[in-house]
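Every number for a ligand or one of its atoms is a count from 1 in the order of the listing.
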Amino acid sequence: MSACDDLLHPHPHVALLPSAGMGHLTPFLRLATQLVHHHCNVTLITTHPIVSLSESKLITHFLAAFPQVNQVKFNLLPLDHTTANSTDPFFLHFETIRRSAHLLSPLLASLSPPLHALVCDVTLISSVIPVTESLHLPNYILFTSSAKMLSFFSYFHIHASKAGDDYPAMLGDVEIPGLPSIPRSSIPPLLLIPNNLFANIFKVDSPKVTKSNGVLINTFEGLEALSLELLNGGKVVEGMPPVIAVGPLMPCDFEKGELGNNQLKWLNEQPVGSVVYVSFGSRTVISRDQIREIGHGLIRSGCRFLWVVKDKKVDKEDEEGLEEVVGRELMESLKAKGLVVKNWVDQGEILGHKAVGGFVSHCGWNSVIEAAWHGVPILAWPQHGDQKINAEVVESSRLGMWVTSWGWGEKDMVKGDEFGERIREMMGSELLRGQATHIKEEARKALGDGGSCEMTFKRLVAEWKMKS
Ligand code: UDP
Ligand code: UDP
């Protein structure tokens with residue numbers, strides 16, 4: 001673009017509307033840094049009250065690092081919980097935003113300079129699209145999971161309609177045109193329970209994806225070429241808007257700073273590739289019995305380890321001491337070979353540390369992308385939600401391995417011996433290491449100078465500019 005074009009079409013102004021949870025907020029903030037880098041004016045809409053402490057902290061760190069980003073606080077209407085069919089604080093927050101969405105209209109209209117686009121979270125689609133439509137404002141979705149999950153999500157209403165009145169009892173394996181069948185056992189468990197909030201939102205939103213102007217997604221060709229091709233070729237559902245791969249959205253500097261000195265010192269002392277990192281993300285609770293089995297398994301594996309224990313879904317409530325949760329005796333044995341912590345860690349720094357050679361992960365999508373970015377093989381242990389569908393991506397790309405017989409972590413117990421055995425298998429696999437390194441190279445290529453990300457953002461920004 002020439003200087004003259006720049007005058008005619010000033011930098012686009014884009015508003016971002018995340019929903020709740022680190023798994024949603026983090027990719028939004030990483031997207032915001034990319035948009036700033038590509039000379040967009042960015043407004044970040046933060047919804048209040050904020051559910052977790054880690055979200056509040058991350059927003060503060062982000063705004064301190066990017067003072068040019070405009071923050072708009074969106075105070076939500078109180079939600080009558082008895083009308084929402086869920087006890088999950090994050091899902092309740094999705095619903096609170098959805099029911100307050102009409103208040104967005106004056107807020108968006110009042111922003112100056114006028115907006116070129118709104119990017120909203122995937123969990124808000126059907127309540128936000130009518131608002132942007134009425135303002136004639138282009139609407140983009142940030143899909144915070146895999147392209148495979150996006151295929152599942154956008155096809156789901158068609159699949160559910162096949163079961164008719166017998167939904168969800170008669171929901172079968174999911175046959176998405178062009179993709180390997182997704183077995184019923186991989187369907188997010190809440191979709192198989194009648195009338196819960198998650199399923200209700202999912203079902204209403206699924207057919208509405210086609211109403212948006214585009215879906216931004218944190219993935220890249222080198223990881224999910226087939227799903228991206230099918231989605232963009234209109235093979236999954238008719239009328240799919242452009243699916244725009246903006247990944248990998250990788251960890252940024254503003255996220256740094258929570259890796260305690262003793263963790264870093266300990267990692268620095270370990271041989272290259274010798275440590276297995278064990279973490280199940282920001283909002284997954286592991287039962288006390290399973291925690292004990294994990295502890296025994298880690299000892300049994302003979303590997304060094306860094307294990308993050310989480311005892312409550314929302315960090316503010318996670319107050320019990322590590323010894324109480326893991327057990328004093330087990331803690332003593334664990335200390336010989338590894339580190340066990342019960343606080344927020346800087347996962348980006350851990351996965352990027354040369355001592356780390358493997359990752360036991362629930363396969364939250366951000367974790368998968370971060371492992372890909374650092375070329376760390378994954379042992380997939382899906383716990384709930386989209387995680388089996390993501391684990392399938394991990395397995396088929398050979399970024400890692402998935403023991404399907406382990407079932408859903410939140411429901412089925414895995415014995416320590418078995419867990420330890422599989423860790424040994426992952427940590428000893430040259431094949432997985434080689435493939436993870438290859439995927440890392442693809443990720444770096446996508447994000448490098450002249451790579452697919454740069455091209456994609458340039459195209460997107462040019463498109464927004466032309467609409468001004
Ligand atoms: N995370 C982190 N430290 C922790 C726990 C999680 O940095 O102690 C980050 C992790 O790097 C990822 C995000 O939180 O960026 C979790 O998102 P993911 O999609 O992996 O899982 P979720 O928490 O949504 O289940
Ligand atoms: N999801 C969706 N629409 C919804 C709710 C969820 O597409 O209305 C998908 C989305 O991919 C999300 C995944 O289901 O990342 C899991 O959702 P959840 O909020 O349980 O997990 P989180 O991403 O917070 O770990």
Exercise. For ligand 1, is there an N or O atom under 3.5 Å from any N or O atom of T284?
Worked result: no
Exercise. Do ligand 1 and N366 have nitrogen or oxygen atoms that lie under 3.5 Å from each other?
Worked result: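 So ligand 1 has an N or O lying under 3.5 Å from an N or O of N366.
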Problem set entry | Min heavy-atom dist H362 to ligand 1 below 4.0 Å |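 Within the 4.0 Å threshold, so yes.
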For this session: For atom 5 (C) of ligand 1, state which one of F90, F280, W344 supplies the nearest heavy atom.
Result: W344
Exercise. Quick one: which of V345, L351, I369, D346 has a heavy atom closest to atom 7 (O) of ligand 1?
Worked result: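 Looking at heavy atoms only, V345 sits closest to atom 7 (O) of ligand 1.
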For this session: Check for a donor-acceptor pair, side chain of T284 on one end and backbone N or O of G281 on the other, with a separation under 3.5 Å.
Result: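 No; judged by distance alone, with no hydrogens or angles, the pair does not exist.
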Problem set entry | CA sep, side-chain torsions, deciding dist, call: E320, R288, salt bridge (charged side-chain N to carboxylate O under 4.0 Å, His left out) | CA-CA 12 Å; E320 226 162 328; R288 293 285 168 102; 3.1 Å; yes
Exercise. For ligand 1, is any non-hydrogen atom under 4.0 Å from E370's backbone (N, CA, C, O), its side chain (CB onward), both, or neither?
Worked result: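 Under 4.0 Å from ligand 1, E370 contributes side-chain atoms alone.
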Exercise. How does W365 reach ligand 1, by side chain, by backbone, by both or by neither, if only non-hydrogen atoms under 4.0 Å count?
Worked result: backbone
Exercise. Which atoms from ligand 1 have a heavy atom of G23 less than 4.0 Å away?
Worked result: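 Counting from 1, the qualifying ligand atoms are 17 (O), 24 (O).
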Exercise. Any idea which atoms of ligand 1 are less than 4.0 Å away from a heavy-atom of Q347?
Worked result: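 Under 4.0 Å from Q347, ligand 1 has these atoms: 2 (C), 7 (O), 10 (C), 11 (O).
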Exercise. Do the ring centers of F94 and H24 come within less than 6.0 Å of each other?
Worked result: yes
For this session: Would you check if the distance from the ring center of F202 to the ring center of F153 is below 6.0 Å?
Result: yes
Exercise. Does a donor on one side chain sit under 3.5 Å from an acceptor on the other, for T46 and Q71?
Worked result: yes
For this session: Report yes if some heavy atom in the side chain of L44 is under 4.5 Å from a heavy atom in the side chain of L29; otherwise report no.
Result: yes
For this session: Could you tell me how the ring of F66 sits relative to the ring of F254: parallel (under 30°), tilted (30 to 60°) or perpendicular (over 60°)?
Result: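 Rings of F66 and F254: perpendicular, over 60°.
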